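Everything on this sheet refers to the single structure shown next.
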Amino acid sequence: MATAVVAQYSQSNFAGDVRAGLLRPGQKELPSKYLYDEVGSALFEVISVLPEYGLTRADERLLGRHAVDIVGRLKSHVLVAELGSGTGRKTRWILEALARRQRTTYCPIEISPTALARCQSELGQIEYVSIVGFERLYLDGLLAAASGRRENEHLLVLFLGSTIGNFDRDAGERFLAEVRRILYPGDAMLLGTDLEKPVPQLVAAYDDSIGVTAAFNLNLLTRINRELDADFDLAGFRHEARYNSPERRIEMHLRSLRGQSVTIAGSRCTVSFTKDETIWTESSHKYRADEIPAMARRTGYRCDAQWLDSEWPFAENLLIAE
Ligand code: AVI
């Protein structure tokens, strides 16, 4: 019902991160968070409905089928905070189930102002739900949301869509532990994790037949051209999705199709590429269902319940802070 936006996300050091990632010795890299400018966020929305990319549908199916069960396992009086809410479409199920038993405050935490605005208009009409959005990085936003909790109110943190998979495994665990430090015992986290599946299916999910994921990846170069006054020639790079089996992850790369150099005025540098050299832009780690309870224990939670999708292997995991 009521909606508000709190604070402004401060622009991180895009120019510095681009310079560091492209001038580092060895594999060139760009942080995947920069894929999500306005165009990138819109392209990700399209990816989420592609036939090859079953991840978002599996997440939504599980939430739609099990929201009542999930909510039934929570303590009474819950404040909901969502890390990287996107447009919030799949969160509706949880909020509606909660609103049947209590007035609910929902705090979406999102660095994309466009996604945050859409989330507020998508979910702002649910009766007995108030929205307080935070245009901030995850942990800053969570701290701010948690500071608004009332006495006897428990936090439910939503970390859906397997965004955890975009962290390196160690960094993902460190992140869960950092979230745990903000929680009190008995608070909950609902964690979505994409599971391992046959490699051809995974590669197709990240290299779809109509090229939306390719556009999503290449858009990062247009963003650098536009925001950092660079001269990337998009025709000189090709999207590539590859499965790294030892690390159990899909990696997105941009492959240079020829020897070339690119000037990035805003980062005060010129970068040389050899033919076939790549820029690594994203990792998407895949999990086995039984490794989540162990990961939860290592980071200060117990896994209270797990729901699995049979069409597209994916797990929704309810972790309780110990
Ligand atoms: C947001 N994240 C979980 C997506 C994923 O599957 O790793 C991002 C994505 N990249 C390419 N397609 C989707």
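Order of appearance sets the numbers: ligands from 1, and atoms from 1 within every ligand. All figures in this text were calculated on a predicted structure; none of them were measured in a lab.
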message: Test of understanding: with ring-ring contact (aromatic ring centres under 6.0 Å, His included), list the residues that count as partners of Tyr301, not counting sequence neighbours.
response: none
query: Does the gap between the ring centers of Phe314 and Tyr287 come in under 6.0 Å?
result: no
field: Validation row, ring centre Tyr138 to ring centre Phe159 under 6.0 Å
entry: yes
Measure from every N or O atom of ligand 1 to the protein's N or O atoms and keep only the pairs below 3.5 Å, writing each with atom names and distance to 0.1 Å.
unit_1   : atom_1 : unit_2 : atom_2 : d
ligand 1 : 2 (N)  : Asn166 : OD1    : 2.9
ligand 1 : 6 (O)  : Tyr53  : OH     : 2.5
ligand 1 : 6 (O)  : Tyr206 : OH     : 2.5
ligand 1 : 7 (O)  : Asn166 : ND2    : 2.9
ligand 1 : 7 (O)  : Ser284 : OG     : 2.7
ligand 1 : 10 (N) : Glu282 : OE1    : 2.7
ligand 1 : 10 (N) : Glu282 : OE2    : 3.4

Side chain to side chain contact (heavy atoms under 4.5 Å, CB included) involving Ser261 - partner list, sequence neighbours excluded: Thr270, Ser272
Side-chain heavy atoms of Leu190 within contact of Glu316, under 4.5 Å: yes
field: Those residues that, when tested against Pro31, pass side chain to side chain contact (heavy atoms under 4.5 Å, CB included) (two or more places apart)
entry: Asp17, Lys33, Tyr34
